[in-house]
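Basis for what follows: all heavy atoms, side chains included, without hydrogens, waters or symmetry-related copies. Whatever order the structure lists them in is the order used to number ligands and atoms, beginning at 1.
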Amino acid sequence: MAALQIHQIPCLQDNYGYLVHDPASGLTASIDTPDAAAIESALAERGWQLDYILNTHHHFDHAGGNLALKAKTGCVIVGSRADAARIPGIDVLVGEGDQFSLGTHQARVLETSGHTVGHICYVFDADKAAFVGDTLFSLGCGRLFEGTPAQMWTSLQKLMALPDDVRVYCAHEYTQGNGRFAVTMEPQNAALAARVAEVAALRSAGRPTVPSTIGLEKATNPFLRPASAELRATLAMPAAPDADVLGETRRRKDRF
Ligand code: ZN
Ligand code: FE
């Protein structure tokens with residue numbers, strides 16, 4: 001089968017929109033709608049028609065362009081059953097384990113509450129691509145606006161269970177700021193130091209640090225590393241449950 005094409009669209013302050021396109025069927029989906037005008041011009045540049053919007057959650061920088069794009073294209077909007085009342089124009093309600101087909105390419109829905117209740121991710125398993133919204137960032141995770149640390153930890157573990165070579169398409173370019181915090185949690189983590197240096201080089205060249213991979217995040221992202229002895233020592237939480245370590249890491253990041 002022809003490879004899934006993924007086009008990254010930097011928009012607003014620090015958001016990334018994504019177009020995913022199946023060349024065999026000609027079908028195109030937009031992952032979230034941070035900026036309708038930017039998404040429309042990306043579609044026009046490629047000669048792609050918008051068939052679907054796949055929303056991760058209801059926040060304005062993710063679903064704010066839904067109605068404008070639906071009015072112009074007649075696209076079908078897919079979103080979380082648990083967040084349906086807050087997703088403008090939603091047509092198809094999905095939850096944990098549901099499959100979405102873009103031609104011959106399949107995405108699997110993961111429920112990942114934490115940043116919001118009802119947040120979902122879309123994993124194209126065969127294509128090794130995960131669209132994670134504001135659940136996981138490179139070297140960070142979403143703020144806990146609605147969910148608990150335990151919910152977020154359950155959600156992050158679902159992403160950690162994916163193969164290491166799955167690419168992680170986050171919804172924001174937050175990596176450099178996240179890295180400044182991460183090194184205070186694990187100053188001896190060599191993989192983290194190498195990633196921070198790589199990120200500095202990418203950003204000074206004006207290039208994105210996203211996508212990352214599951215393997216890289218497991219090695220470097222403090223929010224995926226409650227098992228790390230160094231992180232636990234920094235927090236003085238040698239024996240606490242993983243969810244509590246995640247919660248304390250998140251609280252410290254909020255104050256950083
Ligand atoms: Zn959000
Ligand atoms: Fe966001």
Flag for R46-H7: side-chain donor and acceptor within less than 3.5 Å: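 Yes, because at least one side-chain N or O of H7 sits under 3.5 Å from a partner of the opposite role on R46.
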N/O/S from H62 sitting under 2.8 Å away from the Zn ion (ligand 1):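 Here the distance criterion (N, O or S atom, under 2.8 Å) is not met by H62, so no.
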N, O or S atom of H62 closer to the Fe ion (ligand 2) than 2.8 Å: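 Short answer: yes, at least one N, O or S atom is under the cut-off.
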Heteroatom test (N, O or S) for H172 near the Fe ion (ligand 2), limit 2.8 Å: yes
Heteroatom of D61 nearest to the Fe ion (ligand 2) (N, O or S, atom name): OD2
Identity of the N, O or S atom of D134 lying closest to the Fe ion (ligand 2): OD2
Expected output: side-chain S101 to main-chain G103 donor-acceptor under 3.5 Å: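 Flag not set: sc S101 to bb G103 has no pair under 3.5 Å.
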Degrees at the Zn ion (ligand 1) between the ND1 atom of H59 and the OD2 atom of D134, nearest 10°: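 So the angle at the metal works out to 170°.
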Ring geometry between W48 and H21 (parallel below 30°, tilted from 30 to 60°, perpendicular above 60°): parallel
Short N-O contact, E96 and K158, less than 4.0 angstrom: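 Yes, E96 and K158 are salt-bridged.
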Atom CD of Q13 with >12 non-hydrogen neighbours under 6.0 angstrom: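 At most 12 heavy atoms, drawn from other residues, nucleotides or ligands, come within 6.0 Å of this atom.
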